[in-house]
2 protein chains.
Amino acid sequence: MKWVFINDDFFEEDKAAIQISDLSLQRGYGVFDFFRTVNNKPLFIEDYLNRFYQSAKAIFITVPLEREQLKEVVFKLTEKNNLPESGIRITATGGYSPDGYMPVEGNIIIQQQPLKLPPKEKYENGMKIITHEYVRDLPAVKSINYLMGVWLQKEVKEKQADDVLYYKNNVISEFPRSNIFIVNNNGELLTPASNILAGITRKKVLELAKDVMPVTARDIGTNELMNAVEVFMTSTTKRLLPIVEIDGKKIGDGKPGKITARLYELFLKMEQKETAPAAAGA
Amino acid sequence: MKWVFINDDFFEEDKAAIQISDLSLQRGYGVFDFFRTVNNKPLFIEDYLNRFYQSAKAIFITVPLEREQLKEVVFKLTEKNNLPESGIRITATGGYSPDGYMPVEGNIIIQQQPLKLPPKEKYENGMKIITHEYVRDLPAVKSINYLMGVWLQKEVKEKQADDVLYYKNNVISEFPRSNIFIVNNNGELLTPASNILAGITRKKVLELAKDVMPVTARDIGTNELMNAVEVFMTSTTKRLLPIVEIDGKKIGDGKPGKITARLYELFLKMEQKETAPAAAGA
């Protein structure tokens, strides 16, 4: 039995519920964040908590736990659940709104799930993606609004793709749950700068790549994307995953690229360093 | 104590809860509809149920109740709660999704609240509104995604307005929870035709107005809006409400218009006819 934390107490998962007046159910109003534990240690937790509190503030949600209290709950939860390789999701909702519309003090929910990373063949063979013209509402905020992303899953499946990339006016932005990078003909690493959620894995890759090659965050046209030498996506659950086909067209030679592999190795090393048992108390 | 129906049973309101794996909480994924009871009789229920099942189908949510079963539950709920003047909300969510992303069989929630219509002075003095450039995701679907609408409430309050009207590329569409109509210089009644939710009150007003004046549903520019002789909004909880100020500029002579008042009277008559006690069994 897994434990879930809600507001001020731990509940067994099948008893973890929220009342129906919560604004998440009434109006899809809430923010969340999601990070991994490796060897029972939360990876890059400070970065994720920064983003979580920023998201909440941006849409006027009062998180009922201070940052240090919240961290304490996360550590207690990992002790109670003992799931060394897991995903932890922290959600703050608009709360039990009397009129079903105006946010009040939020409800906070912290849940943990065992996490399986994508299978090895995804890294070896690369991903196929499609594109869709769309920009998320308030893209800098990690809100719970995934209406478009979930709705598009049917088309993704029908086209036998792995994911869908958003673009608007011929400028690409992000996946519903991941960021995108390209390597161009000049050996530069590029990633979109606007209309995106600032991914934590994206941030770490930008840091790591600086020692390897020129790196720029800026607008990227769809043409530039299709003519890229390498393309990859980043996310908490995917680390870096190569993309080899977009809307039925091959990228580069249609195989995962060397720079993607190199950056993936660097990211793995960083992750191992952060989560080595010896460093657990650091 | 009010009763709430969830999936297959009635619950007391403070015990009405859904588990946290529901896609409404995880991904803001769900649809709903909302109608009034007058004299304990649901008003225009067939229209609302049409739209509810259409919304669910459009975003691949399986409603776990057939239409006739659902109606039966609504009538049972009105009996149990005995709230003659009320709002009834039917919500179908993406369900308890194992992966927190793909919709499964939905959860259905039916709740009833006492309903107060806007105070008399709103009808007498008219509403002040602001505008915001935005189109809802999948606007024809009554999804639970109100991220933008709820988020904008702060600006609405700060500008001492009553509501916010969406437009895109200088074409107006709708309010977060209401439709808009204008009367132009030629005595025509116009309402936006695209990027809107097809309101039931809007539908009834279009029907009623046909006997009064020329009526057209088509794109309306922001200029046409600002030069209108009368402007009003329609919704289930507002019926028709006159709008007298937009972004700080007066509409017409700054007072509620005669055609708005005439259509409001016609709507009231229709509502009374539909819900007269003698017609309750009809």
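Chain letters run A, B, ... following the sequence lines, proteins first, then strands; residues in each count from 1.
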**Q.** Toward chain B, the part of A:K157 with a non-hydrogen atom under 4.5 Å
**A.** side chain
Q | Per-residue contact mode, A:Q111 against chain B (heavy atom under 4.5 angstrom) | A | side chain
Q) Looking only at heavy atoms, which of residues 162-175 of chain B get nearer than 4.5 Å to chain A? A) none
Q.
Within this structure, what is the OH-CZ distance for the pair A:Y101 and B:R177, rounded to the nearest 0.5 Å?
A. 4.5 Å
Q: Could you please state which residues from residues 132-156 of chain A sit under 4.5 angstrom from chain B, measuring non-hydrogen atom to non-hydrogen atom, sorted by number, or 'none'?
A: A:Y134, A:D137, A:L138, A:S143, A:I144, A:N145, A:Y146, A:L147, A:M148, A:G149, A:V150, A:W151, A:Q153, A:K154
(Q) Is B:I61 in contact with chain A via its backbone, its side chain, both, or neither, using a 4.5 Å heavy-atom distance? (A) neither
Q. What residues of residues 9-22 of chain B sit under 4.5 Å from chain A when you count only heavy atoms?
A. B:D14, B:A16, B:A17, B:I18, B:Q19, B:I20
Q: Kindly indicate whether the side chain of B:I109, heavy atoms from C-beta on, has any atom under 4.5 Å from the side chain of A:L25.
A: yes
Q.
With a strict 4.5 Å heavy-atom criterion, list every residue of residues 79-100 of chain B that contacts chain A, or say none.
A. B:R89, B:T91, B:T93
Q) Near B:K238 NZ, under 6.0 Å, is it more than 12 heavy atoms from other residues, nucleotides or ligands? A) yes
